[in-house]
Amino acid sequence: MDETSEVIRRRHEKARALADEDIDLYPNDFKVSHTVEAVRKHIDQLADAVDGTAMFAMAGRIVGLRSFGKAAFFHFRDYTGQLQAYVKQDEIGRQPYALFKQFDVGDFIGIKGVVFQTKTGEWTLLAKEIRLLCKAIRPLPEKFHGLRDPEKRYRQRYLDLVMNPNVRDIFIKRAHIVQAFRNFFLERSFMEVETPMMQPIPGGAEATPFETFHDALGMGLFLRIAPELYLKRLVIGGFDRVFEINRSFRNEGVSSQHNPEFTMLEFYQAYATHKDLMSLTEEMFGFVTQQVLGETHFKYQENTIDMTGPWRRLTLKDALIELGGIDPSILDDRERLLDFAGSQGIEIRKAKRVGKILAKLFDVLVEPKLIEPTFVVDYPVEISPLARRNSSDPNITERFELFIGGREIANGFSELNDPVDQRRRFLDQVANREAGDQESHYMDEDYVMALEYGMPPTAGEGVGIDRFVMLLTNAASIREVILFPQLKRTGQQKK
RNA sequence: GGGCCGUUAGCUCAACUAGGCAGAGCAGCUGACUCUUAAUCAGGAGGUUAUAGGUUCGAUUCCUAUACGGCCCA
């Protein structure tokens, strides 16, 4: 369809005409002396810019063009910003100006020139020389409305980034967020590591994994659903403070809240407890928010959220009673819980145990109400197979989850380092799996063996980076904060 | 997996409720124009209406299926 498009055909013809004039359409020998940002700084600080004697060699993409008979203004953009340029025949000569007339919005150009102020006061580069650096064959989307079609924005994110400055800002902010987390841990003597994404036994979360196959080893492998068990092996190996910021993969539905690959921060600290991590978490999110936004509160959708700690802490059961409206007397009664769930229209599949039912009720009834940062603690042991039991109540674990803006943002706990209990917990998970719960943990004897060599008392936590980026960028969909979100392939790509 | 909505020119959108020659702005093209900034003025061009069927004298419009996307629910 595109091939018959008038606009594209014209561009091809133009490119051919330029090539016939011995113009290189894709040269790479232009040397840039200044970015847009550097020129603006130069103007502020040095007189030679103002008196028009300083020469600048600049390059970028033409993003808007206003052409007259023998002169033209255009804006061009590099990665630091956008600047207006003024080209006139009197300055560059007849032949070069005739060539310049063949340039289009979307082309990359290199200009050498001096700066001046137009009568409206806008600093502008007056071209002494202008060269084509790359001829664009396809036209950019409409200049005023930009690119709106969500499908096109995701499939051709490069166009989205060229046309929509707010989208560009989201991903710049995302980079700053990740950098701020990284700095936070590096300042505290944590070591950044990379652990396997291809694992023989997927562990560290309750989720369905992707499967793949290694031909040479003749071995099935899973894409990791979490890095947890490998990071704890590193603590066993003597790296007392480690963190990893990287992708995990879960073979589940795609929605505005879920992408099959997503980014998690996980960190582990020896000789710390879940309570230490809760304090660290308050500090960490406060730090990152301050670094990125310059303040510790922000607006997310309808709500204003303040990240200043300390945050509210409540137990899972109290949350269910207070915010979920559940009668305290039924919390340990599986049948009555199922009845209650049914009365609320909440479907509980398979023969789930009390802990699972409580978690499900919490997801539906409580989670959306936790707008301000809130820690929920005291999770049942049967849904926390890797967490240390609470010293005073063996049925609950030393675990917390952090909720902000009605979503789970982090999950942390004191780690279970008793290998005997760990094996029992795995066996319990295996029984669940055999009872039909496909998300239950696998038995991982290799990990139990590692624990048998001794893991120091440790606490660890995982943070959903994409979700946190959504909060700080006020994004309603996870696709707005992932550069290339997963989409179905189109008919053309199918083969 | 289910429900609702969408897909029309390179891009942004009309033509809906009532089936009757598919329109506009931007981009592109031709011409004019050496301080414009969504430049302006004049002219001309651009379409397999997502795909495949059906109903009809006639379908962008009504019906069915499919593909892709969005929102909501599970």
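Naming: A, B, ... by sequence-line order, numbering from 1 per chain.
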Within this structure, what is the CZ-to-C1' distance between A:R148 and B:rU7, rounded to whole angstrom?
-> 17 Å
Take the protein atom CZ of A:R11 and the nucleotide atom P of B:rC11, then report the distance between them rounded to whole Å.
-> 13 Å
Provide the distance between the two C1' atoms, one in B:rC68 and one in B:rC57, to the nearest whole Å.
-> 34 Å
With the threshold set at 4.0 Å, does a side-chain nitrogen-carboxylate oxygen contact exist between A:R153 and A:E151?
-> no
Determine, for A:D107 against A:R61, whether the closest basic-nitrogen to carboxylate-oxygen distance falls under 4.0 angstrom.
-> no
Carboxylate-amine/guanidinium proximity below 4.0 Å for A:K70 and A:D90 = no
Which whole-number value in Å describes the distance from A:I8 CD1 to B:rG28 C1'?
-> 11 Å
Between A:K14 and B:rC29, is there a side-chain N or O to OP1/OP2 distance below 4.0 Å?
-> yes
Residues 245-254 of chain A, side-chain donor-acceptor partners within the protein, below 3.5 Å, at least two apart:
residue: A:R247; atom: NH1; partner: A:E261; partner atom: OE1; Å: 2.6
residue: A:R250; atom: NE; partner: A:I225; partner atom: O; Å: 3.1
residue: A:R250; atom: NH2; partner: A:I225; partner atom: O; Å: 2.9

For the rings on A:Y26 and A:F108, is their centre-to-centre separation under 6.0 Å?
-> no
Sequence neighbours excluded, which residues qualify as ring pair (Phe, Tyr, Trp, His ring centres under 6.0 Å) partners of A:Y300?
-> none
Whether A:F468 and A:F285 hold their rings parallel, tilted or perpendicular, with breakpoints at 30° and 60° | perpendicular
Restricting both atoms to N or O, compile the protein contacts to nucleotides 49-51 of chain B shorter than 3.5 Å, with distance only.
none

Please figure out whether A:P139 or A:Q486 has its closest RNA chain B nucleotide nearer the 5' end.
-> A:P139
Sticking with atom C1', work out how far B:rC21 lies from B:rG47, rounded to a whole angstrom.
-> 14 Å
In terms of the angle between their ring planes, are A:Y97 and A:F100 parallel, tilted or perpendicular, with boundaries placed at 30° and 60°?
-> tilted
For B:rC16 and B:rG23, measure between their C1' atoms and round to the nearest Å.
-> 15 Å
Same-atom distance (P) from B:rA50 to B:rA22, integer angstrom | 15 Å
Salt bridge A:R353-A:D428, side-chain N to carboxylate O under 4.0 Å = yes
Roughly, in whole Å, what's the span from CG in A:L147 to C1' in B:rU7?
-> 15 Å
Do any N or O atoms from the side chain of A:R425 and from the backbone of A:S384 form a donor-acceptor pair under 3.5 angstrom?
-> yes
Whole-angstrom distance between B:rC72 and B:rU30, as gauged at atom P | 47 Å
Send over the distance from A:F484 CZ to B:rG69 P, rounded to a whole Å.
-> 16 Å
Using a heavy-atom cut-off of under 4.0 Å over every strand shown, decide if A:G253 touches base, sugar-phosphate, or nothing.
-> nothing
For B:rG19 versus B:rA9, give the span between their C1' atoms, rounded off to a whole number of Å.
-> 23 Å
Taking 4.0 angstrom as the limit, do A:K317 and A:D332 come out as a salt bridge?
-> yes
Considering only nitrogen or oxygen atoms on both sides, find all protein atoms under 3.5 Å from nucleotides 37-40 of chain B and state each distance.
residue: B:rU37; atom: O4'; partner: A:R66; partner atom: NE; Å: 2.9
residue: B:rU37; atom: O2; partner: A:Q84; partner atom: OE1; Å: 3.4
residue: B:rU37; atom: O2; partner: A:E122; partner atom: OE1; Å: 3.1
residue: B:rU37; atom: N3; partner: A:E122; partner atom: OE1; Å: 2.7
residue: B:rU37; atom: O4; partner: A:T120; partner atom: OG1; Å: 2.2
residue: B:rA38; atom: O3'; partner: A:K143; partner atom: NZ; Å: 3.2
residue: B:rA39; atom: OP1; partner: A:K143; partner atom: NZ; Å: 2.1
residue: B:rA39; atom: OP2; partner: A:R66; partner atom: NH1; Å: 3.4
residue: B:rA39; atom: N6; partner: A:S67; partner atom: O; Å: 3.1

For nucleotides B:rC41 and B:rG58, find the distance between their C1' atoms and express it as a whole number of Å.
-> 42 Å
Between B:rA74 and B:rA27, how far is it from one C1' atom to the other, in whole Å?
-> 44 Å
Salt bridge between A:D466 and A:R174, side-chain N to carboxylate O under 4.0 Å?
-> yes
Using both pair distances under 3.5 Å as the test, note the stems of at least 3 consecutive Watson-Crick or G-U pairs that include RNA chain B.
-> B:1-7 with B:67-73, B:10-13 with B:23-26, B:29-32 with B:40-43, B:50-54 with B:62-66
Could you tell me the separation between the CD atom of A:E91 and the C1' atom of B:rC35, rounded to a whole number of Å?
-> 13 Å
Considering just the side-chain nitrogens and oxygens of A:K152, establish if one lies under 4.0 Å of OP1 or OP2 belonging to B:rU7.
-> no
Ionic contact status for A:K135 with A:E13, cut-off 4.0 Å = no
For A:E6 and B:rG44, what is the distance between atoms CD and C1' respectively, to the nearest whole Å?
-> 11 Å
Expected rows: protein N/O vs nucleotides 70-73 of chain B N/O, under 3.5 Å:
residue: B:rG70; atom: OP1; partner: A:R479; partner atom: NE; Å: 3.2
residue: B:rG70; atom: OP1; partner: A:R479; partner atom: NH1; Å: 3.2
residue: B:rC71; atom: OP2; partner: A:R479; partner atom: NH1; Å: 3.0

Could you check whether the rings of A:F68 and A:F73 sit parallel, tilted or perpendicular, using 30° and 60° as the cut-offs?
-> perpendicular
Look at the rings of A:F375 and A:F400 and say which category their plane angle falls in: under 30° parallel, 30 to 60° tilted, over 60° perpendicular.
-> perpendicular
Using a strict cut-off of less than 4.0 Å between a Lys/Arg side-chain nitrogen and an Asp/Glu carboxylate oxygen, indicate whether A:R138 and A:D104 qualify as a salt bridge.
-> no
For A:F116, report the nucleic acid contact type (base, sugar-phosphate, nothing); a contact means any heavy atom under 4.0 Å.
-> base
On RNA chain B, check which nucleotide each of A:Y86 and A:R10 is closest to and give me the residue with the more 5' one.
-> A:R10
What's the CG-P distance between A:L125 and B:rU36, to the nearest Å?
-> 19 Å
